[in-house]
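In what follows, a single structure is set out as structure tokens and then discussed.
Order of the sequence lines fixes the chain letters, A, B, ..., with proteins taken first and strands second; residue numbering starts at 1 for each chain. Only this structure's heavy atoms are used, side chains among them; waters, hydrogens and symmetry mates stay out. Keep in mind it's a predicted model, so treat the numbers as computed, not measured.
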Number of protein chains: 2
Amino acid sequence: MKKITSQQQRVLDCIQIYINKTGFPPTRANICKELGFKSPNSAETHLRALEKKGFISIESGASRGISILDNQEYPVNDYEYPVIGLVAAGSPTLAEENIERTINCPKSFFNSNFDYFLKVKGLSMKNAGIMEDDLIAVKKTTDVKNGDIVIARIDDEVTVKFFRRKSPKIIELEPANDDFTNIIVNLETDELHIEGKSVGLLRKN
Amino acid sequence: MKKITSQQQRVLDCIQIYINKTGFPPTRANICKELGFKSPNSAETHLRALEKKGFISIESGASRGISILDNQEYPVNDYEYPVIGLVAAGSPTLAEENIERTINCPKSFFNSNFDYFLKVKGLSMKNAGIMEDDLIAVKKTTDVKNGDIVIARIDDEVTVKFFRRKSPKIIELEPANDDFTNIIVNLETDELHIEGKSVGLLRKN
DNA sequence: TATTATACTGTACATACATTCAGTATTTTT
DNA sequence: AAAAATACTGAATGTATGTACAGTATAATA
């Protein structure tokens, strides 16, 4: 997939919005009106560029014969993601007994793939905007950087905290709430498991 | 919704299949070819019957201007929701120039239906876990209760705040951040527009 | 029994629309 | 520095398409 220009993105968005609104694709004239072009050929050339780059297909001769192609960057395949309650003790396993329910969600919903939703208990990450009962989209990985919000387990205790590596052997798990204190982990004496990191958040009012 | 005849059902199915296959609705001639009719008027009369019964809408004069209306038979699970930037001034309209992009999301993703995502600017609702650049799922409604997180507009200023009715004529818009003060609105002197309320939140790390 | 809805064929026509050609100008890539 | 891509205006044209009109026939409804 070649890169799209900002004007081409506008045209692509315009097509999608038009389809959402009306149920069928726009004509060249419709696009011109929406985007302020004065010649139908302005739309035409953009459409041909989008076609050449693989974003749309155009059926020759057909009125409104535009269809937006599902491209690899933005697959909209849905998937049932499990929601796991953050229990005070124990690893947040995907074992059936820990799954409260599932949520249907496009696979590429967040910027990164993820594996499950974790239901937050407590307010230790309040200042990072993570509230009780929020659902954190967790990607299972141990590849975490300083500042990442990680799901960490020490012994059997699972918490959500900021990750800070202070030295090769010292990790600090930092809450986002003044009522809580940093957890300092010495990797030589304590066992730290990084279950994954947060790639997004979902809240239902 | 009146009852559909078997032939009308065939035509309706044909339209849906055609859209699934091509991305845009069929012409009268397309329908005839698919179903073996020999006159475009066969399709035309069926379309008019389907329109009269509320199964489809037809845009007059537009090629392929058929759209299947939402009904029990054809639930659409996913939908492209627009993301609107919260601009300091002006109503968060769904006008094209305000739509930053769209997000594909199941219609029943939050507990209530919603209309668009609003991208949050500022930290006035920080203590409610709403951070800069979070996406609030907004349901367009004026039916709001005390304690609801509302999208309110005073003159041209749009804000997200808690809604509190202090008296029949006095509304307080309460931030969730000590650095901000309550906005007191006297409905007799000030104009307050409730654009909608928050029914959920989405954050991408 | 009269009327309306359904279910077609067939012809005709105005126009909605895709598409090409001719230009101009700016930016990006080679 | 040349070539290609981008980003438009403007005019022209053939045809794709909606839609009206004229029929025929059967089933459903009032």
Side-chain angles (χ1 to χ4, degrees), chain A residues 1-19 21-69 71, chain B residues 1-19 21-69 73 96-97:
Chain A
M1 186 77 53
K2 290 192 194 137
K3 68 172 188 290
I4 196 169
T5 69
S6 61
Q7 280 299 84
Q8 286 162 8
Q9 185 69 59
R10 284 184 72 210
V11 174
L12 188 57
D13 290 343
C14 172
I15 297 166
Q16 184 66 66
I17 290 162
Y18 194 99
I19 292 172
K21 204 164 55 187
T22 67
F24 43 87
T27 65
R28 275 67 168 166
N30 293 145
I31 295 170
C32 289
K33 195 183 171 196
E34 294 290 328
L35 299 181
F37 302 151
K38 291 184 179 164
S39 167
N41 194 38
S42 301
E44 177 72 17
T45 49
H46 280 130
L47 290 176
R48 293 300 161 189
L50 286 168
E51 187 188 32
K52 202 172 168 188
K53 290 180 177 178
F55 291 98
I56 62 170
S57 72
I58 303 173
E59 185 168 319
S60 174
S63 305
R64 304 172 188 271
I66 304 166
S67 63
I68 293 178
L69 301 175
N71 55 55
Chain B
M1 189 77 55
K2 291 194 193 135
K3 68 171 190 287
I4 194 169
T5 68
S6 63
Q7 279 301 84
Q8 286 163 5
Q9 185 69 59
R10 283 184 71 211
V11 174
L12 188 57
D13 290 343
C14 172
I15 297 166
Q16 184 66 65
I17 290 163
Y18 194 99
I19 292 172
K21 203 164 57 186
T22 66
F24 43 86
T27 64
R28 276 65 169 166
N30 293 145
I31 295 170
C32 289
K33 197 183 169 192
E34 292 293 326
L35 300 181
F37 302 150
K38 292 184 180 165
S39 166
N41 195 37
S42 301
E44 178 71 18
T45 49
H46 281 130
L47 290 176
R48 295 297 161 191
L50 286 167
E51 186 189 33
K52 201 172 170 187
K53 290 180 178 180
F55 291 98
I56 62 171
S57 73
I58 303 173
E59 185 168 322
S60 173
S63 306
R64 303 174 187 272
I66 305 166
S67 63
I68 293 178
L69 300 175
E73 270 87 3
E96 182 143 353
E97 60 270 23

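- Here C:dT6 presents its P atom at 17 Å from CZ of B:Arg10, a figure rounded to the nearest Å.
- Phosphate proximity of C:dT11 to B:Ser39: absent, as no side-chain N or O sits under 4.0 Å from OP1 or OP2.
- The listed nucleotides are C:dA5, D:dC8, C:dT9; the one nearest the side chain of B:Lys52 is C:dA5.
- As a whole-Å value, the separation of B:Lys53 NZ from C:dT6 C1' is 9 Å.
- If you take CD of A:Glu59 and C1' of D:dT15, they are 15 Å apart, rounded to a whole angstrom.
- Under 4.0 angstrom from either OP1 or OP2 of D:dT19 there lies at least one side-chain N or O belonging to B:Ser60.
- B:His46 pairs with exactly one of B:Ile56, B:Ile31, B:Val11, B:Thr5 by the side-chain contact (heavy atoms from CB on, under 4.5 Å) rule, that one being B:Val11.
- If you run side chain to side chain donor-acceptor pair (under 3.5 Å) between B:Arg64 and each of B:Thr22, B:Asn30, B:Thr27, only B:Asn30 comes through.
- A:Arg48 CZ to A:Glu44 CD: the interatomic distance, rounded to the nearest 0.5 Å, is 4.5 Å.
- At a threshold of 4.0 angstrom between heavy atoms, the contacts of A:Ala62 are confined to the sugar-phosphate backbone, with no base atom among them.
- Comparing B:Pro40 and A:Gln7 against DNA chain D, the residue whose closest nucleotide sits nearer the 5' end is A:Gln7.
- Between the CZ atom of B:Phe24 and the P atom of C:dA18 there is a distance of 10 Å, given to the nearest Å.
- Put simply, CZ on A:Arg48 is 11 Å from C1' on C:dT20, counting in whole angstrom units.
- Rounded to an integer number of Å, the gap from CD1 of B:Ile58 to C1' of D:dT17 is 13 Å.
- Across all strands shown, B:Thr5 has heavy atoms under 4.0 Å from sugar-phosphate atoms exclusively, and none from any base.
- A sub-4.0 Å separation between OP1 or OP2 of C:dA5 and a side-chain N or O of B:Gln8 is absent.
- Separation of atoms CD1 (B:Ile15) and CD1 (B:Ile66) is listed at 4.5 Å; rounding is to 0.5 Å.
- Below the 3.5 angstrom threshold, one finds no donor paired with an acceptor across the side chain of A:Asn41 and the base of C:dT19.
- An OP1 or OP2 oxygen of D:dT17 is reached within less than 4.0 angstrom by no side-chain nitrogen or oxygen of B:Arg28.
- Each of B:His46 and B:Ser63 was assigned the nucleotide of DNA chain C with the nearest heavy atom; the assignment lying further toward the 5' end belongs to B:His46.
- Between A:Arg64 atom CZ and C:dC17 atom C1' there is a gap of 9 Å when expressed in whole angstrom units.
- What separates CD1 of A:Ile66 from C1' of C:dC17 is a distance of 11 Å, to the nearest Å.
- The closest side-chain donor-acceptor pair between B:Asp13 and B:Gln9 falls under 3.5 angstrom.
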